[in-house]
Every structure is written in C-alpha cells, then in structure tokens.
Amino acid sequence: MKSQQIRQQFLDFFASKKHQIVASSPMVLKNDPTLMFTNAGMVPFKEYFLGQKTATEKRVADTQKCLRVSGKHNDLEEVGKDTYHHTMFEMLGNWSFGDYFKKEAISWAWELLVDVYKIDKDCLYVTVFEGAEEDGLGYDQEAYNYWKQFIDEDRIINGNKKDNFWEMGAQGPCGPCSEIHVDIRSAEEKAKISGKSLVNNDHPQVVEIWNLVFMEFNRKADGSLEKLPAQHVDTGMGFERLCMVLQNKQSNYDTDVFTPLIREVEAITSNDYGVKEETDIAIRVIADHLRAVAFAIADGQLPSNTGAGYVIRRILRRAIRYGFTFLNIKEPFIYKLVNTLSKQMGEYFPELKAQKQLITNVIKEEENSFLRTLDQGLVLLDGIIKNTKGTEVSGKKAFELFDTYGFPIDLTALILSEKGMTLNEVDFNSELEKQKTRSRAAAVVETDDWVILEDDAEEEFIGYDTLEANVKITRYRKVSSKKEGNFYQLVFNMTPFYPEGGGQVGDKGYIEVSNGNVIYIVDTKKENNLIIHFAENLPKDPTQKLKVVVDEKQRFRTTCNHSATHLLHQALREILGTHVEQKGSAVHSKNLRFDFSHFAKLTTDELREVEDFVNARIDSKIPLKEFRNIPMETALEKGAMALFGEKYGDTVRAIQFGQSVELCGGTHIQNTGDIWHFKITSESAIASGIRRIEAITGDATKDFYFENNKAFFEIKDMLKNPVNPLKAIVDLQEENTTLKKQIEALLKDKAKNLKGDLIQEVEAINGVNFLAKKLDLDQNSIKDLAFEIGNQVDNLFLLAGAESDGKAFLTCYISKNLVEEKKLNAGQVVRELGKLIQGGGGGQPFFATAGGKNPAGIEEALQKGKEYIL
RNA sequence: GGGGAUGUAGCUCAUCUGGCUAGAGCGUUUGACUGGCAGUCAAAAGGUAGUGGGUUCGACUCCCAUCUUCUCCA
C-alpha cells in the first residue's frame, strides 16, 4: 500500500467515526514564545487542553507535520545514523475534546490497525500505566480491561510513569497513556528472543507506533494533580513508522515516503544506497533534512542566523556537510530534490507545490553560501595545521574555526585524522560550554509564578473599538532579566492593548492608578492565547479597578502603516503579478516593512507605479469594511487570499479596503484617507527570490518631504538659486576636477622650484650633503619634499622645521646609505632634538618626525642638527 | 538576545608588536611584437583604508561609537 493511501485510510477511518478531518497546522509556530516548531500532533490543540478555548468540534482527526531537533531520542546529530529517527515527520492523530474516552480510543485503534490495515495481531504489544505512588495514582485497570478484549493478556505490558504517564510540561494537563508497539522482526528472530522483552528498548524493529493519551488531570504548580472537568483523548501515530510496518520494510527509509528522494540522490550524486554504511547515512541525512527544510520554508520560515531560522539553517547545513564529505559533491545539489519532494507530497500538502520555486531558490542560495564558508574554512584549517607543532591541534583553535568561521567541527576532526593528526576535543568542548554559559547568562530571565487574582478563562480584546478601559488584573507575575531589570507581566479581564502579532508591534500606554500616578506599559505580547502587558511596576493594590490607556499617537501611526501594508500588498500583486506573496511583515509606528516573493529588483518605474497605486487608493478615501469572527470559508468567498497558516477551529477576521481583502487580526484605520500619504523609502533583497520594501505613511511622510525639501533649498541657496540646480552641480563638479588638476600642476611646479632652491642650499660637510631649514609647509608636504630631494641628492642629511597652530614640528631624512655607513639614525636625531621643542617623536632610521609645543626651539634644533655629521 | 570575526584599487587579498611617501595577483586602458586574433612584453590609470570621534610627533594598525557582511550560541 502506498503511503498516500495509508494516510488517506487513517483519515477516512476516523471520518467514519464522526471525526472532523482538519488540515495540518503549520510546522513553524509564530505566536508561541515557549516553542519554535510544532513538535507533536497535540500542539495546535494545546489551547483546548489548557482550557483557554472551547473546541467547536468535539472529535477531530488529522495528520500533523512536526519537527524535532532536540530531545531524548532526537538529537539532530543522531538523525540519519539509525533508520527510524527523523527531524520532520508526520503524526497521525485522533482527538476527543471532552467527548469519548478510553473505551472508544482503544477499540478504534485496534480496529484500524488489525481490521483495516491488517496488521497481524501477533506482532502487537500494548502498554498500560502501572500507577505511581507519589501521585496517588493506581494501576490503569480500565485501559487494561478494554485491551484484554482484543489482545492476549500476556501481550499487555505494564509501563512506569516515565513511559506511560504523559505530561505537557512541568505544569498543565496530563494523564496516563497506553502505547501500541509492533514487532516486525523475522520469525526466526522472534523465536530466539521474545518481542515482549524488547518493547521500549530502542530496538529498530520493535517500535512504538501509536500512543493513546487519556488526559484527565491537571498538574498544578505545587506538583499536585487535580481532576480536569472534562476528559480528553490525544493520540499520535508516527506516519513513517506505520508505513514501514505496512509496507513490510525494515527501515523507515525503505518506505515510499523516502525512496523517491533516495533514488534521486543516487542519480544526482552517482552514489548507491545500501552499499556502504557512511554513504547510506549521508543519503538518509539528506533525504530527511530536505523534508524538514522544505516544509519550514513553505511555512514561511527562511534560514537565518537567529531563532527558528537558525535551526533551519543548521539542519540544511548538516545535509550539505554530509553531501560534501561522504558523497563528495562540492557544488549545490540538494535544491534539485525539491521537485521530487513536491511531486510526492504536494498532493496532500499543497503549500509544497505552491512554494516549490521559492524553496528551490532558497536552498540553492544557502548551499552556495555554505560551500563558500567551507572553502574558507579549509584554507584556514590548512594554516592551522601548518602552524601546529606535533600532531595535536588545540581545541581553542578548532573552536575559533567553528565559532567564528562556521567550519563544522566534525569536518575538522575528519581532515585531521586523514593527516594522522588529532584534535583536543576536551578543550574544544570546554570552549563550547563557556560560550553556551555566556549566552544563557545574557538571556536569563527569572519568572516568578503567576499570582492569580481572579479566574477568567478568556481575556477579551476590545482594542479594535476603544483605546481606554476600566479593567481588573486577573493575574500577574514578576519577571527579572539581567538587561532590563525587574518588571511585571499583567493580564487583565479585558484589554484595549493590541498584542504583538501579525507583524504589528504591541501597544504601549499606561495604567492610571487612583492617586493620579501612572504606571507605563512598555509592551504587549501574546503567550498561549493570553494577552500579557509588560509594566514597569505593579499597582499598590492590584485588586482594584484600573483605568488603562493606549498611547493613541503611536497606535494611530502603527494603524496607518498596517492598512498601508495591505494596500501595498495589493499593489504589488496587481503590478508585478500574483506570484507575489507576503513572506514577512513588520508594522511599527515609525515605518513598515514588507517582504515578498519576487524574482527581480524593482525598477524605479515599478516603485513609482506601486506608490501611485497605493496613493490613489488613499486619495479615493475607501472606507474600512471589517468582518469579525467569520468562518474561513466566508472570508475566502469575499476574496481573501487563502493562507497556509491558519489552523482548525479558527474563525477569522477579514479586513477589506475596496479590492484588498486580507485575513488579519491587526488594527486598521476607518478610511484609507486617514493614511494621508504613502512613500517607499527603500527596496532591497533579503534572500534569493525575496525582496523587501520599507515605507512610511502619514506624519512620517510629511517629515520626510520636509527634510528633503529643506535640504534641497539649502543646496539651491548655496548655489545662488540657479534655474537648473542639477546642471549647476554637474558644472561645479567639472570645474572642481579641472581646478584640482591645475592646482596639482601648480603645486608640482612650486615644489619643483622649492626643491630646486633647497637643493641649491645644500652644503657638503664631511662628504654629507647637509641641509637644515625652517619651512612654511604642512607636514605632508615636507614629507613629500624630503623624499623628492632624497631621490635627487645622494648622501643627504635633511632636517626641516615647521610651525603650525603654535606647535613645533621637526622632520629628519637621512639617505639609506648614510644610515649604514655613518651609523646615523633619524629616529634618534629627532628624539634628541625634540627635547628642544619640548616634545618627542620617532620613526624609522632614515625618516622620522617629532612634534612639540615650543616653536621657539626650532632654530636651536636646526643649528644642533649639524653636530651629528661633524 | 549574547559572543567572535569582517570591511583596504573594479575583483581576490597582503601591509607582523603604530613609523619602509598603502602593495601584489587578476581585471581595465595604452603602447610594442604579429597580416589579424589569441598570446607575450612594456607602461599607465585606479585607494577619504566602512563611517564619525579620540589617543599620538605619526593611525590601515590602538581606544570609543555606529553601520555592513559572516559566524557560533541562546
């Protein structure tokens, strides 16, 4: 059975059990500070389990794209070495939000595996929670009883808290779970060792395929458990493993999820899979990582040097590294696999198809840049090897190569071992540890427990309609960070403050306390569906009613910029074409930034056209049409662009200005006329195929034009108000260059004369051509002159004095042969004579300068100069 | 967010602890050899050393600020 069918059968099966089938949520998370990527099927539904939101559908099933790069069994550096771990994987899941529980979850799981997928039940084992005394939890007899209706009792295994009690984190919803394991070893091996003893023992062919979590408790901050008001089911089945089982393979990588990619790698790189262990690992790494990176890019996460982008970059670079070293490919090739991936998975994940070109470009660009880094590193490593005495390269050097130049440490180790050298790994690791400690120390934020004043499940956002409100604090906590000191995070029962999101910055403002004092709110952010206000202080009495006020001016400017961003988006699609898609957006009060997919630099004409387009819509004073809490389908009917990034259960808000319809949670002006004016300030590239436009609106454009205009009139004024200022400047420039040339010629002439005069004055003393004179020239000219004369007169000893700004300067030039023959040293001369002008100096033996603050001493110094050759 | 590095001629890079009027290769231009091209030889042009301050007799070099790019960590 093909993997596509396996996925479809799962979804069909649960649809037949009255489940709503929903699309996968994005793998990249945007509004969760605690998590960068969806790392389990339950992540998109977190809010329902936390009780922050009520589910509209009680039964749901889906396949969720997930990414794991760290964790017990998922260290990035381990992926590819075995045959069953991945960075990106699909997790099939069925969910009950306060609906069915253990009985249905267990019997449906069995029905699907045995009756639909036809897995031999003699291959299956299940585990049941054995209980935990410290939590006062007993054996999960209920689950056991349901299982024994289907499976031999000796195939039911007890599991401890670590394996069979699932928790979301240190706090929050949790509950016992029951896992289904499958033994796919050959009959012979099964005869030798019983599968039962291999369950949960990291055996590649005795693996867990499905985990059924029965969520019924809430872990409180003090560690105690309380019963949840409703019971939920959360299941997760690894899709790749399921395919391995159903396709009778011994490795996930031998299923048709991966084989098309592996065949393609073989073809491109002329390496065969299944011949040599290290080649196989490299091919697995590439096939796995390509999926992770491609899906991340499709979700809008480009490789970068911070945060989630950095994780993606690291994954991609690891793949490049393996190709470079073990497949011996020294040029970009991974990008070529995108086509295959998109063909294979684009059917179910249309974002892959839609973004294919972009993914290809971005990967290719990233490959190129990393290959450059590798080249540079190879040269540097060569240098290090040459400068190393003995055979051990210091860990510090290797760390520098890694830390500063991005050269992978395993490559360093490999190259060294090829040359019979070793690497001091202990030192390297200690350097790495130091750097980690440093980074952590800088990022340290101490967060106290929430102090809950009032239980209020949903904090209402009222900021679309008002900028002021009387509110109560429902919970608060103290946070201290090294950089910003102490501050408080407050949650209100309702708030007019817009939390950072959708590219728009969070609101600032203040809290009015009873005695007329104010407490400033410096930022507003969203965390797990809570709107959190960052305040400098806590009101004396946090339980009283408070008046909170949003900074109106800043909000208005931000709002103008946000609405203008929509118009800009429309303009770009209209003028450049529909390949333009938003790739990022930042809306501040000062300006706006919009990143979008487009293949070429915008011409000045295009930029002008875009500006005009937006301004035309501002001029036509289009009123805002706002649709709150409408189902996605309705929004799409209105013409909103379908975005990959919405998840199940979301009702959306649509913002319409004429033809521009967007799904958006941001704040918007009532009428485009309010924006007043729109002006692009820069256009640039941020990645292959991605351009960025920065622009300003409203007041900012007034300032912009005012400043420019002012500068222009100042320039015109300086030029005596010419009719054609541009021509005046060109003329001026031309005049300037001819004058420069003339001056240069004159100076040369003058210098020649001066030089001639001075040469006349040179006296021969003891076979040395001596000259000591005070000159009315600047230091640079004296230097030039000295060298010029030195070129013409042999055996020259020249001492020059000069005065400027009340300071005295001495310059000494001595022909090189004199330096050697007579053991003269200009530096020494200048240092000694420098005392006469109350200063010091130095230089090289044949040319030196000194400076001091006593011009009166110049004459004496010049006199004394002669003594050196007498 | 924290650390490290980086910015010098059109390009790739030198210039050691401050001092050889900032150099090389490639490229460009000109000339010579050749019937022409390729090629060889010769010569020339080309630099506010990212920017702005500071220290110093003297700063590409040291200090401070700021920007660019790269990179590791969180």
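In the text below, chain A, chain B and the rest are named by the order of the sequence lines, each starting its count at 1.
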Under 4.0 Å protein heavy-atom contact, by nucleotide of nucleotides 4-17 of chain B - B base, S sugar-phosphate only: BS------------

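- Between A:Thr373 and B:U71, a side-chain N or O to OP1/OP2 separation shorter than 4.0 Å is present.
- A:Lys774 has a carboxylate O that lies under 4.0 Å from a charged side-chain N of A:Glu803, or vice versa, which qualifies the two as a salt bridge.
- Considering only residues two or more places apart in sequence or on other chains, A:Glu331 meets the side chain to side chain contact (heavy atoms under 4.5 Å, CB included) condition with A:Ile329.
- Among the protein residues, A:Gly840 comes within range of the nucleic acid bases, having at least one heavy atom under 4.0 Å from a base atom.
- Evaluation of the ring pair (Phe, Tyr, Trp, His ring centres under 6.0 Å) test over residues 816-855 of chain A, restricted to residues two or more places apart or in two chains, returns A:Phe787-A:Phe847.
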Could you pull out all donor-acceptor pairs under 3.5 Å where a side-chain atom in residues 825-843 of chain A meets a protein atom, sequence neighbours excluded?
| from | atom 1 | to | atom 2 | distance (Å) |
| --- | --- | --- | --- | --- |
| A:Asn825 | OD1 | A:Gly827 | N | 2.8 |
| A:Asn825 | OD1 | A:Gln828 | N | 3.2 |
| A:Gln828 | NE2 | A:Glu832 | OE2 | 3.4 |
| A:Arg831 | NE | A:Gly841 | O | 3.3 |
| A:Glu832 | OE1 | A:Tyr868 | OH | 2.3 |

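- Remark: B:U21 base-pairs with no nucleotide; criterion is Watson-Crick or G-U wobble with both hydrogen-bond distances under 3.5 Å.
- Spacing of P atoms, B:U12 relative to B:G27, comes out at 15 Å, to the nearest Å.
- Using P as the reference atom, B:G19 and B:C62 are 11 Å apart when rounded to the nearest Å.
- Of the N and O atoms on the side chains of A:Asn817 and A:Asn795, at least one donor lies less than 3.5 Å from an acceptor on the other residue.
- Taking atom P in both B:C67 and B:U30, the straight-line distance is 44 Å, to the nearest Å.
- Between B:C20 and B:A49, the two P atoms lie 15 Å apart (nearest whole Å).
- Using modelled atom types, one finds a donor on one side chain and an acceptor on the other under 3.5 Å when comparing A:Glu694 with A:Ser682.
- The nearest heavy atom of RNA chain B to A:Gly839 and to A:Arg314 marks one nucleotide each, and the one closer to the 5' end goes with A:Gly839.
- In this view, A:Ala586 and A:His588, A:Arg593 satisfy the side chain to side chain contact (heavy atoms under 4.5 Å, CB included) rule, not counting sequence neighbours.
- Rounded to whole Å, the separation between the C1' atoms of B:C72 and B:U6 comes to 15 Å.
- A distance of 6.0 Å or more separates the ring centres of A:Phe402 and A:Phe407.
- As judged by a 4.0 angstrom heavy-atom cut-off over every strand, A:Gly834 is placed among residues making no nucleic acid contact.
- In this structure, A:Glu832 atom CD and B:C57 atom P are separated by 18 Å, rounded to whole Å.
- Checked by distance alone, A:Gln435 brings a side-chain donor or acceptor within 3.5 Å of a matching partner on the base of B:G2.
- Spacing between B:U68 and B:U29 at atom P, rounded to whole Å, works out to 36 Å.
- B:G50 and B:G10: their P atoms are spaced 13 Å apart (whole Å).
- Following rounding to the nearest Å, A:Ile782 (CD1) and B:C57 (P) show an atom-to-atom distance of 17 Å.
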Within the sub-3.5 Å range, which N or O atoms of nucleotides 18-27 of chain B have a protein N or O partner, and how far apart are they?
| from | atom 1 | to | atom 2 | distance (Å) |
| --- | --- | --- | --- | --- |
| B:G19 | O3' | A:Gln844 | NE2 | 3.2 |
| B:G19 | O2' | A:Gln844 | OE1 | 3.1 |
| B:G19 | O2' | A:Gln844 | NE2 | 2.8 |
| B:G19 | N1 | A:Gly842 | O | 2.8 |
| B:G19 | N2 | A:Gly842 | O | 3.0 |
| B:G19 | N2 | A:Thr849 | OG1 | 3.0 |
| B:C20 | O5' | A:Gln844 | NE2 | 3.3 |
| B:C20 | O4' | A:Gln844 | NE2 | 3.0 |
| B:U21 | O2 | A:Asp784 | OD1 | 2.8 |

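- Taking the six-membered ring where tryptophan is involved, the planes of A:Phe594 and A:Phe596 are essentially parallel, since the angle between them stays under 30° and well short of 60°.
- Exactly one residue among A:Arg318, A:Arg372, A:Arg313, A:Arg314 makes a salt bridge (Lys or Arg N to Asp or Glu O under 4.0 Å) with A:Glu366. That residue is A:Arg313.
- In this entry B:C70 has B:G4 as its Watson-Crick or G-U wobble partner, both defining distances falling under 3.5 Å.
- Spacing between B:G18 and B:U56 at atom P, rounded to whole Å, works out to 16 Å.
- The pairing partner recorded for B:G58 is none, the criterion being a Watson-Crick or G-U wobble arrangement whose two distances lie under 3.5 angstrom.
- Just one of A:Leu381, A:Leu380, A:Leu378 meets the side-chain contact (heavy atoms from CB on, under 4.5 Å) condition when paired with A:Thr412; it is A:Leu381.
- Under the Watson-Crick or G-U wobble criterion, with both distances below 3.5 Å, B:G10 is paired with B:C26.
- Look at CZ on A:Arg321: it is 10 Å from P on B:C72, rounded to the nearest Å.
- Between B:A74, B:G3, B:C72, one nucleotide has an atom nearer to the side chain of A:Arg438 than all others, and that is B:G3.
- Among the atoms of the strands shown, base atoms are found under 4.0 Å from some heavy atom of A:Thr306.
- Shown here, B:G39 forms a base pair with B:C33; the pair counts as Watson-Crick or G-U wobble because both key distances fall under 3.5 Å.
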